[in-house]
Amino acid sequence: MTVVDTMSSTEAAIAVDGRHVAHNYSPLPVVATSADGVWVTDVEGRRYLDCLAAYSAVNFGHRNPEITAVAHAQLDSLTLVSRAFHSDRLGPFCQALAELCGKDMVLPMNSGAEAVESGIKVARKWGTDVKGVPAGQSNIVVAHNNFHGRTTTIISFSDDETARRGFGPYTPGFRSVAFGDADALAAAIDDNTVAVLLEPIQGEAGIVVPPRDFLPRVRALCTERNVLMIADEIQSGLARTGRTFACDHFGVVPDIYLLGKALGGGVVPLSAVVADRDVLGVLHPGEHGSTFGGNPLAAAIGTTVVAMLRRGEFQSRSAELGDHLHARLRALIGSGVVAVRGMGLWAGVDIDPALGTGKQITVRLAERGVLVKDTHGSTLRFAPPLVITAAEIDWAIDQFAQVLADPGSHLSGTAL
Ligand SMILES: Cc1ncc(COP(=O)(O)O)c(C=O)c1O
């Protein structure tokens with residue numbers, strides 16, 4: 001008998017990953033093989049309630065039937081032409097998404113980081129062509145503890161040392177101020193500032209909601225100083241917080257929306273920069289592009305996602321069930337939970353560090369059939385697909401309460 005023969009399917013799959021998958025993540029020891037709605041099944045047939053939803057890319061549930069039906073149909077007709085030709089899918093998608101955002105135009109891309117990179121390029125080009133900032137002299141104001149992705153330019157304005165160390169030289173042209181401090185932001189803006197780039201609610205930082213007057217003040221400052229307000233709604237947008245955009249809670253409309261994750265329906269990578277013509281119109285042929293950006297398969301799926309968002313039911317579910325989730329989590333304050341933040345079905349939960357690291361708690365939760373992800377040591381993130389029910393939330397929080405009550409215990413009979 002070889003060593004591999006004695007391994008469980010889970011251990012064998014993790015061993016192959018360990019040898020052949022670059023170690024740029026530290027995943028939970030769960031090997032998914034199928035999923036439906038909010039439930040994920042692993043290679044040994046165990047079921048887990050997904051309370052992460054692929055960092056909000058699966059807002060509409062795993063294999064949402066409305067989305068998979070469109071994807072199947074599109075696979076049978078046309079998948080990719082590049083932007084060298086038109087397709088009959090891209091225009092309708094961009095029109096629908098622009099309308100959802102109350103804007104004129106859409107620049108389709110693939111990953112979230114690409115949307116951020118594209119937004120930065122658009123803002124810089126707008127700065128030179130429209131605002132009149134000398135070429136190469138512009139700056140963009142960002143916030144401490146931001147997370148916008150991990151490309152070279154984006155990590156250049158991150159203050160996460162793990163994301164930065166060893167990856168220099170960094171891209172210049174960014175200045176960072178405290179998130180939520182409108183005075184600091186006002187002081188950072190000068191004549192060469194072309195944009196303020198923010199997550200309206202910081203996701204990876206631990207679901208940090210700014211003071212109520214912050215985003216309205218940023219909006220007013222950007223208008224006064226002729227600076228573009230860019231809202232990175234890649235994680236916070238598309239119904240996650242109980243409104244279509246997190247900005248909606250604050251009565252704010254940015255100049256540029258950056259969207260991704262759930263836009264691809266949990267099926268394909270699809271991201272977008274959405275803005276009015278006086279901003280996105282600065283791009284001309286050859287200045288920016290992507291072979292896969294706006295491909296017909298993604299565009300067909302994205303059109304369906306926009307139609308689903310138009311109905312409002314996912315926003316309502318997130319708002320109503322989010323109240324329930326937050327009430328249940330707040331009831332655990334003092335019983336292992338230190339603080340709860342967030343909006344809608346999106347909660348950052350600080351746990352008492354004495355109970356163990358966030359990662360240890362997520363492993364205990366996975367043993368009990370609940371998938372969540374830690375961030376920054378002692379914070380857990382609850383962001384289930386928006387199709388979750390109140391009873392499923394109750395079950396997940398019951399498991400969480402039991403883990404907090406006895407964080408050291410392992411369930412017998414599980415192979416994790
Ligand atoms: C706010 C925000 N922006 C950008 C990104 C990057 O998206 P992607 O991983 O698709 O590149 C993320 C990913 O978590 C995010 O949360």
Side-chain angles (χ1 to χ4, degrees), residues 22 24-27 51-59 107-123 140 142-160 162-164 167 174 176 179 195-210 215 229-241 244-247 249 254 256-274 290 292-295 298 301-302 305 341-348 372-376 379-383:
N24 56 330
Y25 277 86
S26 169
C51 286
L52 178 66
Y55 302 99
S56 291
V58 187
N59 278 1
L107 169 65
M109 301 299 289
N110 308 283
S111 69
E114 263 186 313
V116 176
E117 289 274 351
S118 306
I120 290 168
K121 281 183 69 178
V122 167
I140 293 177
V142 300
H144 294 337
N145 299 325
N146 67 71
F147 185 86
H148 297 283
R150 290 204 182 89
T151 60
T152 312
T153 290
I154 293 172
I155 59 153
S156 298
F157 56 88
S158 163
D159 37 27
D160 175 354
T162 308
R164 284 170 59 89
F167 296 112
F174 299 94
S176 186
F179 183 64
V196 171
L197 166 61
L198 296 168
E199 299 156 83
I201 295 175
Q202 289 191 322
E204 300 300 302
I207 327 291
V208 180
V209 182
L215 293 171
M229 179 179 180
I230 308 180
D232 179 344
E233 294 257 16
I234 288 165
Q235 191 167 163
S236 60
L238 310 186
R240 172 50 62 189
T241 63
T244 304
F245 303 110
C247 281
H249 290 281
I256 299 181
Y257 286 103
L258 305 179
L259 303 174
K261 293 193 191 279
L263 193 58
V267 179
V268 288
L270 173 59
S271 66
V273 179
V274 189
S290 159
F292 281 84
N295 67 76
I301 290 169
V305 164
R341 294 174 299 276
M343 277 184 167
L345 281 171
W346 203 29
V372 296
K373 191 76 179 100
D374 56 303
T375 177
H376 295 286
T379 301
L380 299 187
R381 205 172 351 183
F382 286 79

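Counting starts at 1 for both ligands and their atoms, in listed order. Just so we're clear, the structure is a prediction, and the values are computed from it rather than from any experiment.
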- Message: Any nitrogen or oxygen of G149, side chain or backbone, less than 3.5 Å from one on ligand 1?
- Response: no
- Taking N or O atoms only and a 3.5 Å limit, does K261 qualify as a polar contact for ligand 1? yes
- Query: To the nearest 0.1 Å, how far is atom 3 (N) of ligand 1 from its closest protein heavy atom, and which atom is that?
  - Reply: D232 OD2, 2.7 Å
- Sub-3.5 Å donor-acceptor pair from the side chain of R341 to the main-chain atoms of V208, do we have one? no
- Message: Test your reading of the model: is there a side-chain donor-acceptor pair from T244 to the backbone of L238, 3.5 Å cut-off?
- Response: no
- Query: Does ligand 1 have an atom under 4.0 Å from some heavy atom of E114?
  - Reply: no
- Message: Can you name the atoms of ligand 1, numbered from 1 with element, that are less than 4.0 Å from a heavy atom of E199?
- Response: 1 (C)
- Message: Show the atoms of ligand 1 that are less than 4.0 angstrom away from any heavy atom in A113.
- Response: 6 (C), 7 (O), 8 (P), 11 (O)
- Message: Determine whether a donor-acceptor pair (N or O, by modelled atom type, separation under 3.5 Å) exists between the side chain of H249 and the backbone of T241.
- Response: yes
- Task: Please check if the side chain of Q202 supplies one atom and the backbone of E199 the other of a donor-acceptor pair under 3.5 Å.
- Result: no
- Message: Using heavy atoms and a 4.0 Å limit, tell me yes or no: is F147 in contact with ligand 1?
- Response: yes
- Heavy-atom contacts under 4.0 Å between R150 and ligand 1: side chain, backbone, both, or neither? neither
- CG on D232 to NE2 on H148, rounded to 0.5 Å: 5.5 Å
- Message: Could you identify the single nearest non-hydrogen protein atom to atom 16 (O) of ligand 1 and state the distance to 0.1 Å?
- Response: Q235 NE2, 2.7 Å
- Message: Going by salt bridge (Lys or Arg N to Asp or Glu O under 4.0 Å), name the pairs with one or both residues in residues 257-272, residues two or more places apart or in two chains.
- Response: none
- Between E233 and R240, is there a side-chain N and carboxylate O pair less than 4.0 Å apart? no
- Query: Are there more than 12 heavy atoms of other residues, nucleotides or ligands under 6.0 Å from atom CZ of F292?
  - Reply: no
- With respect to atom 4 (C) of ligand 1, which of E233, Q202, H148, M109 exhibits the smallest heavy-atom separation? H148
- Pick whichever of P269, A205, G237, G112 has a heavy atom sitting closest to atom 8 (P) of ligand 1. G112
